[in-house]
Structures are given as structure tokens and as C-alpha cells.
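Reading through the C-alpha cells given below for one structure.
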Amino acid sequence: MNSKELFEESKNYLPGGVDSPVRAFEPYPFFVKKGEGSKIYDVEDNQYIDHCLAYGPLILGHSNPEVVKNVSNQIENGTTYGAPTENEIKLAKMVIERVPAAEMIRFVNSGTEATMSAIRLARGFTGKNKIIKFEGSYHGAHDYVLVKSGSGAATLPDSLGIPEDTTKNTLSCPFNDIEALTNLVNNEKDEIATIIVEPVMGNIGCVEPEEGYLKFLREITEENNIVLIFDEVITGFRLSRGGAQTYYSLTPDLVTMGKIIGGGFPMGALAGKKELMEMIAPSGSVYQAGTFNGNPISVQGGISTLNQLNQKFYQDLNKKGSYLRGRISEIVDELDLNIRPVGLASMFQIYFNSEKVTNYEIAKKSDTKRFSIYFHELLKNGVFIPPSQFECNFISSAHSNENLDNVANAIRESLKIAWDK
Ligand SMILES: Cc1ncc(COP(=O)(O)O)c(C=O)c1O
């Protein structure tokens, strides 16, 4: 069956034909046969240079030989035990050595579980209930963080099935706005347990913190006895060996991780200061548990991946990022388009927006119709990026310079068509 037929069939069995909403795009998504290095292949044997990279985990590309070898060996020795392993200590030490905020760690199964547990821990630690997130930030699919943006006021759930009672303690605020957050914290004096932030907002495209903003977050949380959580599910091990906190030289109280930490296998983690982490069961009274926590396959995937991520690795990878972003900027200038190439390290995106994007309100003004044309043209030209303007594109170490030149050419042709040039 081809992708179109598979999608028709799939819709009978999986809601919307997919297992996660962003994967469904018009008229139908391609169905994958395999991934290899920088490329992903569909069931019709079309190949695409992959800059979606499973939405971030595959920093080494698909099927990295070292990861495949070590994980295969692990599978031969069992797939899950329900008892601790030495490799969990090994991976814990690797993360703690790299990530400044991490003094202890709990391995869970996804980024969603990580943020859910981190918020519970912050509430347990402070004895306070309210949380602040930023408009447009995504921290997974659990009830407390799935709320509409709304300045200051308690916010409404973003999905059916979430009682308003559940989100009444979730407040939101525009990113990069010092005054708005200061007012919110002052209004809710002594009630805020935590501020959770994506240090680079990767779920509305790619929005960097303005100079001094993360430092301001560190200061206002310290002054008000608020736990600062960096949600590094995207930025962890992506921006640098120690994630955004090393990149920006700022240490939060807690950090949530996912994606790269499992090396392409399902895993998340929360980590932070000992005095907080020791409140987690069984050493403390904040409950957290999971049948697959610290799963040996995912742990081995993580060890085999992090082992390869040394300083030189990031120098080389980020050079690829600079190169591609440079090419994109040249193309945008050459075509005389008033749009915004953005990104850092090995992340990139183009905002189809004439304004500089610093928060969700501005991001929302982007021309998503043209973006969709651009996305489909890229596919025709053999390049796969996430289908939404509000996702980020990634580069892996498996992308060759030749790949990046081909991608730049595909971007030029796709922009021309999207903008009728
Ligand atoms: C910043 C951030 N936090 C949390 C999550 C949720 O992670 P998961 O999809 O593994 O549950 C995501 C997923 O994209 C994310 O980007």
C-alpha cells in the first residue's frame, strides 16, 4: 500500500490516522519505511533529508551505529526488569556531570511525565499551588499545562476533558516581558510554587530569550521563594553539552529533559538540587513512579548517545547550523522577502512574519498559509521539516555539507513558489 492508502486505512483504527496530532498533515502524511543517517524513507521509496528528526531526539541522525549496537546487546539481555541496574547510575552520573542544575535525577518515560512530576515536586517543596507558564509554551500533554494563553488571569483548559478546577492555578504570561511577569508575581504574592519556562521557546517556532531575561527569571524566583524549572526537553543536550543552562550560564532549581536523553528511545527525566530531589518517593513524600522508569533499553540509548556528545561534537554540529542559517539568510535577501530566518546552535526556522518574533502573540501573526505551501514544496524537493510554522527544525551530526547545500537549494525553490517569485 502507498501512503495515501495506508492513511485511509489507518483512519479506521487510529483517531485521525496518527498517534500524535502534529503528525497529521494535509492531504495525508507519508508513512515511513525506514530512517538512516540524515534521511527518512517512505513506503514508496521516496527519500527526504530529515530536519524533523522525530521532533528533536535524533541528534546523531537515524540508526547511529554505536547506539544500534549497544541497544541490540542490551535487548539480548532483557528488555525491562522492574529492578534497578548499574546503567541507571552510569547515565545519572553522565547527566549530573554535564547539566549544572542536576545533583540528582529521576528517569521517567517522556517529557510530559517529567514536567508533570517536576511541577508536583515544586508544589510539594514550597507548599504553594499556583504555577506560571509562558503563553505558547508547551510542556507536554498533561492537564496542568494544557491551558490557553491569557495574561495574568487564571486560564481556561485548552482541551475538552480538563476540569476548569484543574487549571485554575495555572497562570500565564508573555515571554520576554519583564513587566508582565513582575506584575503577575506581585499580584499573586506568596502563592506561586513554580515558574516553568522553555529557555528557548521551541514550540512556537524558535524564540530566544532576550538579553538578561533568563537572569531576571532567576532573580525574581529567588526573591519570591519560587522554584525555577527550565523545561529542557528540546534544548537539553541540543544547545550544548549542558543544555540551555550552560549555553546561557544560568542554573535553575529543576530541569526537565526528554528527547535526546533517551537517544531515540522513550525517556524523560527530572533533575535538580538534592534538597528538592530527595523529596521524591521513596526517599520523600512527593509520589512519582513508573513501570518503565529507567527502562534498560532507553537508558542504554541515552548512554550510547551522550557518550558521543563531546565539545568537538557541538563545535562541528553548530558549525552546520551556522552554515545553513547563513545560506537561508542569503536566500531570503536574494529573493527580497520580508520574512525572518531564526535559530541557534543546531536549531532553525523561518518565520513567515515581517516582525521580529519575541513572543507568542507576534508568532501568531505569521502567514501559516504560505508556510504550508513552503512545507509541501520542500517535501516535493526531498526535504522533511515539521509541518507547522510553530515547530523548530533540527540538524544532526549525520547531515553532510552536501545535504545542507541541497536543503538550501530546496528552501530557495520552495520560498519562490510560496511567495509567487
Ligand atoms: C519543551 C517540551 N516539554 C515537554 C514536551 C513533552 O515531551 P513528550 O512529547 O516526550 O511527552 C515537549 C514535547 O515536544 C517539549 O517540546
Side-chain angles (χ1 to χ4, degrees), residues 19-20 32 34-36 53-99 101-118 121 140-142 232-234 236-238 241-243 254-272 274 277-278 280-284 286-310 313 396-398:
D19 266 323
S20 195
V32 179
K34 66 169 185 175
E36 198 174 55
L53 292 170
Y55 295 87
L58 301 176
I59 195 164
L60 300 169
H62 293 272
S63 301
N64 175 265
E66 189 69 15
V67 176
V68 170
K69 183 181 83 194
N70 295 343
V71 166
S72 304
N73 287 342
Q74 171 58 50
I75 291 172
E76 305 224 325
N77 287 322
T79 55
T80 189
Y81 307 126
T85 61
E86 191 173 344
N87 270 352
E88 288 163 76
I89 309 175
K90 187 168 174 187
L91 183 58
K93 283 184 176 167
M94 289 174 85
V95 175
I96 288 163
E97 189 249 313
R98 287 161 174 77
V99 178
E103 293 175 7
M104 290 184 108
I105 187 163
R106 166 63 54 93
F107 294 114
V108 294
N109 300 291
S110 66
T112 296
E113 282 184 37
T115 64
M116 188 173 73
S117 308
L121 176 55
H142 64 89
E232 296 227 42
V233 167
I234 288 179
F237 311 110
R238 170 62 64 183
R241 218 168 156 258
L254 283 178
V255 51
T256 51
M257 293 167 271
K259 301 198 191 266
I260 293 171
I261 197 174
F265 297 85
M267 172 129 85
L270 60 150
K274 249 189 184 154
M277 293 300 293
E278 281 189 326
I280 298 178
S283 60
V286 173
Y287 194 66
Q288 203 295 319
T291 300
F292 289 105
N293 280 5
N295 173 264
I297 299 173
S298 300
V299 166
Q300 183 53 258
I303 291 172
S304 306
T305 298
L306 296 198
N307 252 336
Q308 300 181 54
L309 309 183
N310 55 28
F313 174 91
S396 79
S397 56

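The first residue in the sequence is number 1, and the count goes up from there.
R106 places a side-chain N or O within donor-acceptor distance of the main-chain N or O of Q288, the cut-off being under 3.5 Å. Panel note: side chain T79, backbone I75; no donor-acceptor pair is recorded below 3.5 Å. Under the 3.5 Å distance criterion, the side-chain polar atoms of T112 are matched with a main-chain donor or acceptor of A141.
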Q. Checking side chain to side chain donor-acceptor pair (under 3.5 Å) for the pair Q300/S304: CA distance, chi angles, key distance, verdict?
A. CA-CA 6 Å; Q300 183 53 258; S304 306; 2.7 Å; yes
Q: Just do the side-chain contact (heavy atoms from CB on, under 4.5 Å) check on N293 and N109 with the steps written out, would you?
A: CA-CA 6 Å; N293 280 5; N109 300 291; 3.3 Å; yes
Q: Start with the C-alpha distance between I59 and F313, add both sets of side-chain angles, then the distance that settles side-chain contact (heavy atoms from CB on, under 4.5 Å), and finish with yes or no.
A: CA-CA 10 Å; I59 195 164; F313 174 91; 4.0 Å; yes
Q) How far apart are the C-alpha atoms of I105 and V99, what are their side-chain angles, what is the distance that settles it, and do they pass the side-chain contact (heavy atoms from CB on, under 4.5 Å) test? A) CA-CA 11 Å; I105 187 163; V99 178; over 6 Å; no
Q. What's the verdict on side-chain contact (heavy atoms from CB on, under 4.5 Å) for H62 and V32, showing C-alpha distance, side-chain angles and the deciding distance?
A. CA-CA 12 Å; H62 293 272; V32 179; over 6 Å; no
(Q) Run the side chain to side chain donor-acceptor pair (under 3.5 Å) test on N307 and E66 for me, step by step, so that the C-alpha distance in whole Å, both residues' side-chain angles and the decisive distance to 0.1 Å come before the verdict. (A) CA-CA 10 Å; N307 252 336; E66 189 69 15; over 6 Å; no
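M257 approaches A114 most closely through the heavy-atom pair O-CB, 3.8 Å. Here the closest non-hydrogen pair linking F107 and A92 is CZ-N, 3.7 Å. Between P296 and Y81, the shortest heavy-atom distance links the atoms CG-CE1, 3.7 Å. Of all heavy-atom pairs spanning S283 and E278, the tightest one is OG-O, 2.9 Å. Shortest non-hydrogen contact noted between L58 and G264 is CD2-CA, 4.0 Å. Between K259 and I234, the closest heavy-atom pair is CE-CG1, 3.8 Å.
Residue S396 holds its OG atom at 8.0 Å from CZ of R238, rounded to the nearest 0.5 Å. In this structure, S110 OG and H142 NE2 are separated by 8.5 Å, a value rounded to the nearest 0.5 Å. Summarising the geometry, atom CD1 belonging to I96 is positioned 8.5 Å from atom CD belonging to E103; distances are rounded to the nearest 0.5 Å. Here the CE-NZ distance, from M104 to K274, works out to 5.5 Å after rounding to the nearest 0.5 Å. To the nearest 0.5 Å, the span separating CG on L270 from CE on M116 amounts to 10.5 Å. Put simply, CG on L254 and CD on E232 are 12.0 Å apart, with the number rounded to the nearest 0.5 Å.
In this structure, N295 and F265 have side chains that are not in contact, with every pair of non-hydrogen atoms separated by 4.5 Å or more. Put simply, the side chain of I260 does not reach to within 4.5 Å of the side chain of L60, judged on heavy atoms. Between L121 and I280, the closest side-chain pair of non-hydrogen atoms falls below 4.5 Å.
Within 6.0 Å of OH on Y287 lie no more than 12 heavy atoms contributed by other residues, nucleotides or ligands.
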